[in-house]
Each structure stands twice: as structure tokens, then as C-alpha cells.
There are 2 protein chains.
Amino acid sequence: MMLSKSCIYGVQAAIYMASLPRNEYVSIQQIAAKLNISFHFLTKVLQNLTQAGLLISYRGPNGGVALARPSSQISLADVIDAIDGSDIFKECLLGLPGCGVADPCPAHENWTSMRSRLHHLCSTLTLEELGKRANQLNVRLANSRAPINPAKLLTEAR
Amino acid sequence: MMLSKSCIYGVQAAIYMASLPRNEYVSIQQIAAKLNISFHFLTKVLQNLTQAGLLISYRGPNGGVALARPSSQISLADVIDAIDGSDIFKECLLGLPGCGVADPCPAHENWTSMRSRLHHLCSTLTLEELGKRANQLNVRLANSRAPINPAKLLTEAR
DNA sequence: TTGTATTAAGAGTGCTTTATCTGAAATTAT
DNA sequence: ATAATTTCAGATAAAGCACTCTTAATACAA
């Protein structure tokens with residue numbers, strides 16, 4: 001898998017938050033229910049994002065998490081970096097430590113161009129853009145087709 | 001990690017075989033020694049490649065494995081596919097099952113173009129090309145700096 | 001002040017990947 | 001034949017990742 005499961009969950013949650021009409025505190029439980037993810041696990045994942053300064057969290061009733069910056073100023077790469085680290089954007093295809101211009105692996109040249117393309121894509125793709133698309137018809141975010149009614153969702157989350 | 005460790009070992013071994021002057025049976029022990037990989041583990045990995053029809057194996061003294069086709073007719077994608085499967089070339093960035101044109105995720109459009117680029121790169125990069133580069137000066141293949149003298153290597157491999 | 005909702009933190013469990021080991025089967029050489 | 005060499009197959013062990021659960025800390029509301 002390209003991204004770890006933790007990372008995918010984090011990205012999904014971040015996009016979900018960016019897709020909301022206003023940036024306000026959302027409970028992790030609500031996000032987990034909406035995205036069909038284990039609440040406890042998502043909690044751990046989002047802790048990474050708050051510690052990285054991408055989210056702000058607030059405990060207690062009506063608490064939750066919110067984007068620390070405007071969604072236009074958080075890139076996909078920011079989120080990936082906070083959870084999986086920046087290895088994907090730096091690593092050698094053949095996993096050779098220290099692979100670089102001075103000491104390249106046979107695939108070095110092809111791979112670096114690919115990698116930088118990937119990095120560019122992820123750095124310029126913002127949560128704002130992704131959130132907008134998530135709001136469009138026929139564009140989905142959750143792991144399984146979920147019911148649309150938010151009230152129902154909260155009930156299901158118990 | 002982009003590729004699994006098994007896959008990386010398999011690719012490295014395949015490139016090593018392609019880098020040899022002629023395509024003849026090489027013992028897995030020799031490859032493992034050259035690449036600094038656990039012999040037993042590499043054995044398991046290469047079994048995947050033989051079962052996929054990419055390698056031919058021969059038991060007994062002077063046996064070993066050899067490329068089943070000319071190195072120019074085996075692509076990097078072939079090797080990756082045989083070990084890790086073709087998920088990397090097909091998967092949704094956000095890990096959503098069934099993500100496609102009809103039912104896209106928010107990152108679908110950006111990701112598919114990236115993915116097809118990756119697939120194209122891996123399909124057109126042949127073991128012949130990679131083997132050639134592995135033979136060039138200052139291009140390395142093994143996980144750690146290895147001695148250059150092939151005779152010495154054979155001795156070390158016992 | 002007490003109760004409740006919520007995130008934070010960390011310990012614990014199970015599964016997958018990675019790695020090791022052993023014996024069997026095949027092939028060659030003596 | 002017998003011994004030596006090599007891949008094949010399966011069992012086992014160790015490590016890492018995904019996930020769960022429990023307890024603490026924090027904040028609000030009645």
C-alpha cells in the first residue's frame with residue numbers, strides 16, 4: 001500500500017473537516033461514524049495531526065478537533081508527512097540507504113523524477129480543493145456507502 | 001514503504017541476474033551473498049518469481065535460477081507484479097474500494113494520472129536497461145557497499 | 001460541586017510481514 | 001549406489017502494524 005492505513009484515515013478525516021461549511025470543532029466520534037472508521041483508532045491518528053500543529057483540539061462537551069489553519073493552507077503532503085513521515089517523497093525505489101546523485105541505484109534517475117512529481121502533486125493539492133470536491137455529487141469520501149442523514153449518524157455512533 | 005521488502009529483494013536479485021554477462025544459472029546463495037540478503041528469505045522470494053514464470057530454476061549441483069526470458073523482455077512492473085501484486089498500479093490513494101470514474105474519491109483525478117505515469121515507467125523499464133546501469137561505475141545495487149572482485153565474492157559465498 | 005462529554009495517553013491484543021530453520025525432492029558427480 | 005549440492009515446501013519465531021480497551025485529564029452544564 002502506498003500510504004499506511006493510519007495515514008489514509010488521517011487524510012480522509014482532514015478532507016471531511018475541510019468539506020464542512022465552516023471550520024468549527026467536530027467531535028472525533030462524529031468523524032469516525034461518518035467515515036466508518038474505528039473511533040479509538042482514529043483518535044490515535046488525529047493525535048498525530050494535532051501534535052504536528054495541523055489540528056486544534058478541545059476537550060469536554062462540545063469539544064472536538066478543527067483545522068488549525070485555513071484549509072487552503074494545508075496541503076495533502078502536510079497531512080501525509082505528519083503521519084507517515086516524508087519517506088515516500090525521499091525514499092529510493094530499491095530501498096538502498098544513501099541512494100543519491102553521488103551513489104545512485106540503477107533506477108535512480110527514473111525514480112527521482114517520478115518522486116518529485118508526486119511531491120509536487122501532494123504539496124499543491126490543498127484540503128480546500130479536496131474538501132470542495134468531496135462536497136460534489138457522486139464524489140465520495142467514506143470507506144463504505146454511508147447514509148446521508150447526519151442525525152441518524154449520530155444515533156448510530158451510540 | 002512503496003514496495004515491500006520481499007519485492008525490493010526480488011527486484012534487486014532480478015537486476016543482478018540481468019547484469020551478468022550471460023544468462024546462466026546462478027545459485028541463490030551467490031545472489032544472497034552479493035546483495036547482502038538472508039539466503040533463506042531470498043529463496044522464498046525467488047520462488048514467487050519462478051512460479052510467475054519470470055525465472056527458471058534448476059536443482060542440484062551447478063543448479064540455480066536464471067531469467068526465463070531475455071532481460072529486454074522483462075519489465076520492472078513484471079517483477080513487482082509477481083511479488084507485491086498490481087495493487088500499486090490500481091489502488092485508490094485514499095484506499096477506497098471501487099474508486100473509479102463513476103464513483104471517484106476527491107483525489108481521484110490527480111491520482112490516476114500519477115498512477116498511470118508510474119505504471120508506464122515501470123512497464124517500460126526493462127531488466128536489460130537496469131542491468132546495464134548496475135554494471136556502470138558508481139552505480140550500486142547491494143544494500144551495503146560490497147567488494148568489487150567477483151572471484152572474491154564467490155569465495156565468500158562459500 | 002457533581003456529573004457528563006470529550007480528547008489524551010498508554011497498555012494490551014491479534015494479524016501480517018519479515019526472517020529463520022528443517023527436512024524433502026531433484027540433480028549431478030564420484 | 002552413494003554422497004554432495006541445490007531448490008522446494010512447510011513450520012516456526014520475531015517484529016511491526018492495525019486495532020481495541022482502559023484510565024486519565026479537561027471542560028462544560030446543571
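Side chains are part of it too, since the values below use all heavy atoms of this structure and drop only hydrogens, waters and symmetry mates. Proteins come first, then strands; the chains are lettered A, B, ... in the order of their sequence lines, and each starts at number 1. These numbers were taken from a predicted model, which means no experiment stands behind them.
- Close to D:dC19, at under 4.0 Å from its OP1 or OP2, lies a side-chain N or O of A:Y9.
- In summary, the side chains of B:N110 and A:R133 do present a donor paired with an acceptor at a separation below 3.5 Å, with no hydrogens or angles considered.
- In this structure, CD1 of B:I8 is placed 15 Å from P of C:dT17, rounded to the nearest angstrom.
- For B:S123, there are no side-chain hydrogen bond (donor to acceptor under 3.5 Å, both in side chains) partners at least two apart in sequence or on another chain.
- Between D:dA18 and A:S6, a contact under 4.0 Å exists linking OP1 or OP2 to a side-chain N or O.
- As a whole-Å value, the separation of A:I83 CD1 from D:dC17 P is 14 Å.
- Using a 4.0 Å cut-off, some side-chain N or O of A:S38 falls inside it from OP1 or OP2 of D:dT20.
- In this structure, CG of B:N48 is placed 14 Å from C1' of D:dT7, rounded to the nearest angstrom.
- Computed from coordinates, the B:F41 CZ to D:dA9 C1' distance equals 16 Å when rounded to whole Å.
- Atom CD1 in A:I37 sits about 9 Å away from atom P in D:dC19, given to the nearest Å.
- Nucleotide C:dA26 holds its P atom 18 Å from the CD1 atom of B:I56, rounded to whole Å.
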Point to revise | Contact pattern, 5' to 3', of nucleotides 4-14 of chain C - B, S or - by protein heavy atom under 4.0 Å | key: -BBBBBB----
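- Shown here for A:T43 and A:I28, the closest heavy-atom pair between the two residues is OG1-CG2, 3.8 Å.
- C:dA19 atom C1' lies 10 Å from atom NZ of B:K5, rounded to whole Å.
- Taking atom CG on B:L42 and atom C1' on D:dT6, their separation rounds to 14 Å, with Å as the unit.
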Check your understanding: B:I80 and B:L3: side-chain contact (heavy atoms from CB on, under 4.5 Å), yes or no, with the steps?
Key -> CA-CA 8 Å; B:I80 293 175; B:L3 303 176; 4.0 Å; yes
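- Under the side chain to side chain contact (heavy atoms under 4.5 Å, CB included) test applied with A:M17, the options A:L55, A:L127, A:N23 reduce to a single match, A:L55.
- A:F39 meets the ring pair (Phe, Tyr, Trp, His ring centres under 6.0 Å) test with no other residue; sequence neighbours excluded.
- The pair B:D84-B:K5 does not count as a salt bridge, with every side-chain nitrogen at least 4.0 angstrom from each carboxylate oxygen.
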